Colleague: 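Take a look at this one; I'll ask things after.
Keep in mind that this is a model prediction, so the values were computed, not measured.
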Amino acid sequence: MILEAFLLTLAISIDAFASGFAYGTNRIKIPIISVLIISFIGSTFLGISLFFGSIISQIIPPIIAIIICSVVLIGLGLSKILGGLIKRKLAKRKNTLLKVCGAPIEADLDQSKILSIKEACILAVALALDAMAVGIGAGLINPNIKFYLVIISFSLIMDIILLSLGTFIGSKIAKKSKINLSWLGGLILIGVAIMNIFL
């Protein structure tokens, strides 16, 4: 349970690290309050999706739940591996949320070089979309309140650590970068899906 929760939250939080790195390289500061907001919103979305997943698991057979969960995780994993192409297309959209999904740096709407609370909320929602899909999948196969508490706790902690670490490392490099670590998160999600099928 602990390992699965850790891997799932790591896969989700890698995007937070990449976003923080992008902000750091562009010399955009993320105040601690914004970091906490991003972590809280992401973990809240994850918790809600875990709850919905657990409800669905009560009305479908366990084997179907495992299949659905595996398909969701593998599909999301593949989309992350192909994330570079998808994000470039989203970054060209006029919709603010879609642009932030494609290029997190776009969340600095006023170009103040400081991520405000409002801008942090927008980034948090963009980052939380993946968490929702993962949460529903995880809730389907593991309707256990202890598991939910563990994964939500991991999410809170990892988002804070990886977002801050990404920003710190990026600020040290302090140059434009097209880093994209989504593929790594994708591989982790596919690995978790395989674990659910065979273990």
Side-chain angles (χ1 to χ4, degrees), residues 1-50 73 76-77 80-81 83 87 100-101 103-108 113-135 137-139 142 146-192 195:
M1 180 178 73
I2 299 296
L3 177 60
E4 183 179 1
F6 175 79
L7 291 175
L8 285 172
T9 50
L10 178 61
I12 297 169
S13 298
I14 283 176
D15 280 348
F17 174 84
S19 298
F21 186 91
Y23 280 105
T25 56
N26 284 276
R27 301 181 184 276
I28 298 174
K29 296 181 179 180
I30 306 180
I32 185 62
I33 184 64
S34 294
V35 171
L36 294 175
I37 286 172
I38 291 169
S39 176
F40 178 78
I41 291 177
S43 298
T44 299
F45 273 62
L46 179 60
I48 292 172
S49 61
L50 283 167
L73 294 181
L76 185 58
K80 281 179 169 290
I81 292 173
K87 287 188 174 184
V100 174
C101 287
I105 199 73
E106 295 290 340
D108 184 24
K113 295 297 183 179
I114 298 177
L115 197 68
S116 67
I117 292 177
K118 175 184 176 182
E119 293 164 344
C121 290
I122 295 173
L123 177 60
V125 173
L127 293 176
L129 296 179
D130 285 350
M132 290 184 66
V134 172
N142 200 337
K146 291 183 179 179
F147 175 70
Y148 298 167
L149 293 176
V150 169
I151 197 171
I152 292 171
S153 298
F154 278 170
S155 175
L156 278 167
I157 296 169
M158 278 196 207
D159 275 353
I160 292 172
I161 293 175
L162 292 182
L163 183 59
S164 300
L165 182 62
T167 306
F168 174 77
I169 294 175
S171 66
K172 293 301 180 182
I173 295 176
K175 65 180 181 180
K176 296 287 185 179
S177 174
K178 295 182 179 179
I179 186 172
N180 180 8
L181 296 176
S182 292
W183 61 271
L184 181 56
L187 288 179
I188 294 173
L189 289 175
I190 291 174
V192 172
M195 286 172 57

Colleague: Which value, rounded to the nearest 0.5 Å, describes the distance between Met132 atom CE and Ile48 atom CD1?
Modeller: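 Going from the CE atom of Met132 to the CD1 atom of Ile48 covers 7.0 Å.
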
Colleague: Any side chain to side chain donor-acceptor pair (under 3.5 Å) involving residues 150-161? Give me the pairs, sequence neighbours left out, ordered by first then second residue.
Modeller: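 Only Ser13-Asp159, Ser43-Ser155 qualify under side chain to side chain donor-acceptor pair (under 3.5 Å).
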
Colleague: Kindly indicate, with the supporting measurements, whether the criterion side-chain contact (heavy atoms from CB on, under 4.5 Å) is fulfilled by Val134 and Thr9.
Modeller: CA-CA 9 Å; Val134 172; Thr9 50; over 6 Å; no

Colleague: Taking all heavy atoms of Phe147 and all of Ala138, pick out the closest pair and write down the distance.
Modeller: CE2-CB, 4.0 Å

Colleague: Hey, is the main chain of Phe45 close enough, under 3.5 Å, to the side chain of Ser49 for a donor-acceptor pair?
Modeller: yes

Colleague: Distance from Ile32 atom CD1 to Ile37 atom CD1, nearest 0.5 Å?
Modeller: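 Reported value, rounded in 0.5 Å steps: 10.5 Å.
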
Colleague: How long is the gap from CD1 on Ile152 to CG on Leu50, to the nearest 0.5 Å?
Modeller: 5.5 Å

Colleague: In the structure I gave you, are the side-chain heavy atoms of Met158 and Phe6 within less than 4.5 Å of one another anywhere?
Modeller: yes

Colleague: Do any side-chain atoms of residues 121-129 form donor-acceptor pairs under 3.5 angstrom with protein atoms, and if so which ones, sequence neighbours left out?
Modeller:
none

Colleague: Output the distance between atom CD1 (Ile38) and atom CD1 (Ile33), rounded to the nearest 0.5 Å.
Modeller: 10.5 Å

Colleague: Do Phe154 and Leu8 have side chains that approach each other closer than 4.5 Å (heavy atoms only, starting at C-beta)?
Modeller: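 They are not in contact (no side-chain heavy atoms under 4.5 Å apart), so the answer is no.
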
Colleague: Hey, does the side chain of Ser34 reach the backbone of Leu115 with a donor-acceptor pair shorter than 3.5 angstrom?
Modeller: yes

Colleague: Any donor-acceptor pair under 3.5 Å linking the side chain of Ser39 with the backbone of Leu156?
Modeller: yes

Colleague: Give me the atom names and distance for the closest heavy-atom approach of Val35 to Ser164.
Modeller: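 Nearest heavy atoms, Val35 then Ser164: CG1-OG, 3.9 Å.
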
Colleague: Indicate the atoms forming the closest heavy-atom contact of Glu119 with Ser116, along with that distance.
Modeller: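 The answer is OE1-N, 2.9 Å.
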
Colleague: Please round to the nearest 0.5 Å and tell me the distance separating atom CZ of Phe17 and atom CD1 of Ile161.
Modeller: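 One finds 12.5 Å between CZ of Phe17 and CD1 of Ile161.
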
Colleague: Once rounded to the nearest 0.5 Å, what's the spacing between atom CG of Leu46 and atom CD1 of Ile12?
Modeller: 5.0 Å

